[in-house]
Amino acid sequence: MKLTEANTDRLLALKDEVTASYEELKARNLGLNLTRGKPSSEQLDIGESLLSLPGEDDHTLADGTDVRNYGGGDGIREIRELWAEVLGIPADLVVAGDASSLNIMFDLISWSHTFGNNDSERPWAAEETVKWICPVPGYDRHFSITETFGYEMVTIPMNEDGPDVDAIRELVKDPQVKGMWVVPVFSNPTGATVSREVAEALASMETAAPDFRIIWDNAYAVHTLTDEFPEILDIVGIAAEAGNPNRFWAMSSTSKITLAGAGVAFFNSSKENLDWYRKYATIRGIGPNKVNQLAHVRYFGNAEGVRSVMRKHSGILGPKFRAVTEILEKRLGGLGIAEWTHPAGGYFISVDLLDGTAKRTVELAKEAGIALTGAGSAFPLKSDPNNRNLRLAPSLPPQEEVEVAMDGVATCMLLAAIEAAEAAGVAE
């Protein structure tokens, strides 16, 4: 947002009031945190019964497998069938792992880098340059992976219906463009959901690199903030119909459904991709935690059991998210200094401030005892060229703390905007 869009006269008229409010805020010696999208203790309590499952005498599957032992690299059939029902995909194209889908994503890129994937002419490490498409604002941990491998990260806009398809079509004409990140449902941090039209375009477009991959990280597939659940696209099936069966590496997990650090991660892809994955996964380890997988089967029961759990989460998270947007509207509405998303699911609210004021807002909040995710965190290398985007994460603190913190953050946003307006006036 540009300063020319702001109601500067009204903004500057608030200077004394906002300055006094900020001094009062600092005097309270707060210690509040809105940095990470973690479930609250109240949410984690929902899955507490998992710790007593699958039960003392419940460790043998219908096929005779003892889940306490080694083996079963694909994960137990029962959890793969249950999750396939949740996502509407074939169970035979799902691998169930341990807690973190991020680990699987790292492995996929690491093995492609070291060995090349099943469509590669050579390992990615042997390429002169590897480029990776990054929709922004996006997920910082995604960007950290491609940064670690030294890939050139090319940003494109994340629109309300998904990443900018026209920009992607141009970029993939370059054979050095090997992949792309995307969070298709309630994306991090904007809450946008990829439309079927955009998904089909991504699945069908021509790419110069035969080993081009899209990591389809469906981390928030069922993470609604309402009573409505989004349509879940079978992206691997869509790609197969479009003649590009190997294009997508699709991820999901139960990490923000049950116990965040002790869930089950899932990898859905074509048979050829999964066979390539198994080639290295069976060397890396001797099977996942099947006891935990069976515990999840017993806990959920079926797909409706998953949705029932998520309705409980929504009842906790929904009021917090509404509080954030209501406070922003009350404190900043009509001033032309901020725009924010109104997500129907996921874990974040994305805010765009006046250009050049995001870092200053974070500094002011820190001085007032409120920790925010660093400005620019939703961009590769944590570099927001306009210094305007902030990612808010209201999930972890109790409701009362969310409201206190957000009122304080709004004060900091106002003060940063007032300082920018004054500086612009002096410059003129």
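Start at 1 with the first residue, then count along the sequence.
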Worked check of ring-ring contact (aromatic ring centres under 6.0 Å, His included) between F186 and H223: CA-CA 8 Å; F186 302 139; H223 295 63; 8.3 Å; no

Intermediate values then yes/no, side-chain contact (heavy atoms from CB on, under 4.5 Å), V194 and V182: CA-CA 9 Å; V194 175; V182 63; 4.0 Å; yes

Stepwise ring-ring contact (aromatic ring centres under 6.0 Å, His included) check, F267 with Y277: CA-CA 10 Å; F267 174 33; Y277 171 80; 5.1 Å; yes

W181 and W132: CA distance, side-chain angles, deciding distance, ring-ring contact (aromatic ring centres under 6.0 Å, His included) verdict: CA-CA 8 Å; W181 295 112; W132 202 271; 5.8 Å; yes

Full working for ring-ring contact (aromatic ring centres under 6.0 Å, His included) between Y151 and H113: CA-CA 10 Å; Y151 297 165; H113 187 82; 5.6 Å; yes

side-chain contact (heavy atoms from CB on, under 4.5 Å) between R213 and L108, worked out: CA-CA 10 Å; R213 294 293 185 265; L108 292 167; over 6 Å; no

Steps toward side-chain contact (heavy atoms from CB on, under 4.5 Å) verdict (F212, N244): CA-CA 10 Å; F212 176 81; N244 297 304; over 6 Å; no

Worked check of side-chain contact (heavy atoms from CB on, under 4.5 Å) between M205 and R247: CA-CA 10 Å; M205 67 175 56; R247 177 158 296 175; 3.7 Å; yes

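Put simply, the side chain of M180 reaches to within 4.5 Å of the side chain of I168, judged on heavy atoms. Looking only at side-chain heavy atoms (C-beta outward), P385 and F379 come within less than 4.5 Å of each other. In this structure, the side chains of E419 and R360 come closer than 4.5 Å at one or more pairs of heavy atoms. Within the 4.5 Å cutoff, no side-chain heavy atoms of I104 are placed close to those of L102. Taking 4.5 Å as the limit, every side-chain heavy atom of D275 sits out of range of all side-chain heavy atoms of E272. Taking 4.5 Å as the limit, every side-chain heavy atom of L396 sits out of range of all side-chain heavy atoms of R36. Two residues are said to be in side-chain contact when any heavy atoms from C-beta on lie closer than 4.5 Å; D140 and R391 meet this criterion. Inter-residue side-chain proximity for V324 and W340 is flagged as unmet; no heavy-atom pair is nearer than 4.5 Å.
Remark: E197 CD is loosely packed, at most 12 non-hydrogen atoms of other residues, nucleotides or ligands lying under 6.0 Å away. In the displayed structure, E160 atom CD is contacted under 6.0 Å by at most 12 heavy atoms of other residues, nucleotides or ligands. Shown here is R141, whose CZ atom has no more than 12 heavy atoms of other residues, nucleotides or ligands within 6.0 Å. Counting non-hydrogen atoms of neighbouring residues, nucleotides and ligands closer than 6.0 angstrom, the CD atom of E400 reaches no more than 12 such neighbours.
In this structure, OG on S21 lies 8.5 Å from CG on L25, to the nearest 0.5 angstrom. With rounding to the nearest 0.5 Å, the separation of OG1 in T325 from CE in M406 is 9.0 Å. For the atom pair CG (L51) and OH (Y299), the distance works out to 10.5 Å, reported to the nearest 0.5 Å. To the nearest 0.5 Å, atoms OG1 (T155) and CD1 (I133) are separated by 10.5 Å. Rounded to the nearest 0.5 angstrom, F143 CZ and T148 OG1 are separated by 13.0 Å. The OG atom of S253 lies 6.5 Å from the CD1 atom of I257; values are rounded to the nearest 0.5 Å.
Of all heavy-atom pairs spanning L353 and A338, the tightest one is CD2-CB, 3.8 Å. Among all heavy-atom pairs drawn from P163 and I156, the shortest one is CB-CD1, 3.8 Å. Of all heavy-atom pairs between F348 and P343, the closest is O-CG, 3.4 Å. P397 approaches A393 most closely through the heavy-atom pair CD-O, 4.5 Å. Nearest heavy atom pair, residue R169 against residue A201, reads NH2-CB, 3.8 Å. Contact detail for L93 and K271: the closest heavy-atom pair is CD2-N, 3.8 Å.
Between the side chains of T254 and W83, no donor-acceptor pair of N or O atoms lies under 3.5 Å. Using a 3.5 Å distance cut-off with no hydrogens or angles, the side chains of T357 and T361 do not pair a donor with an acceptor. In the model, T190 has a side-chain atom that pairs as donor or acceptor with a side-chain atom of S187 under 3.5 Å. Side chain to side chain, S120 and D211 meet the donor-acceptor criterion of an N or O pair below 3.5 Å. The closest side-chain donor-acceptor pair between N246 and S270 falls under 3.5 angstrom. Of the N and O atoms on the side chains of N289 and D98, not one donor lies less than 3.5 Å from an acceptor on the other residue.
In this structure, the side chain of H296 engages the main chain of N292 through a donor-acceptor pair within 3.5 Å. When atom types are taken as modelled, the side chain of D384 and the backbone of N389 share a donor-acceptor pair closer than 3.5 angstrom. With hydrogens and angles disregarded, a donor-acceptor distance shorter than 3.5 Å links the side chain of R331 to the backbone of D407. Between the side chain of W276 and the backbone N or O of G116 there is at least one donor-acceptor pair closer than 3.5 Å. Side chain of K320 to main chain of S395: a donor-acceptor pair is present (N/O by atom type, distance under 3.5 Å, no hydrogens or angles). Judged by distance alone, the side chain of N117 and the main-chain N or O of D119 form a donor-acceptor pair under 3.5 Å. For S101 (side chain) and D217 (main-chain N/O), no donor-acceptor pair under 3.5 Å exists by modelled atom type. Within the 3.5 Å criterion, the main-chain N or O of S350 finds a donor-acceptor partner in the side chain of T341. Without hydrogens or angle criteria, E81 side chain to A91 main chain gives no donor-acceptor distance under 3.5 Å. In this structure, the side chain of Q293 engages the main chain of I76 through a donor-acceptor pair within 3.5 Å.
Identified under the side chain to side chain donor-acceptor pair (under 3.5 Å) test for residues 303-314, with sequence neighbours left out: Q43-H313, E304-R307, E304-R311. Listed by first and then second residue, the side chain to side chain donor-acceptor pair (under 3.5 Å) pairs involving residues 365-375 are Y22-E367 (not counting sequence neighbours). Under the side chain to side chain donor-acceptor pair (under 3.5 Å) criterion, the residue pairs touching residues 6-20 are K15-E422, with sequence neighbours excluded.
Ion pairing of R298 with D58 is present here, as a side-chain N (NZ or NE/NH1/NH2) and a carboxylate O approach within less than 4.0 Å. Ion pairing between K330 and E326 fails under the 4.0 Å rule for side-chain N and carboxylate O.
With a 6.0 Å cutoff to the six-membered ring centre and a 45° limit on the axis angle, K256 does not count as a cation-pi contact of Y220.
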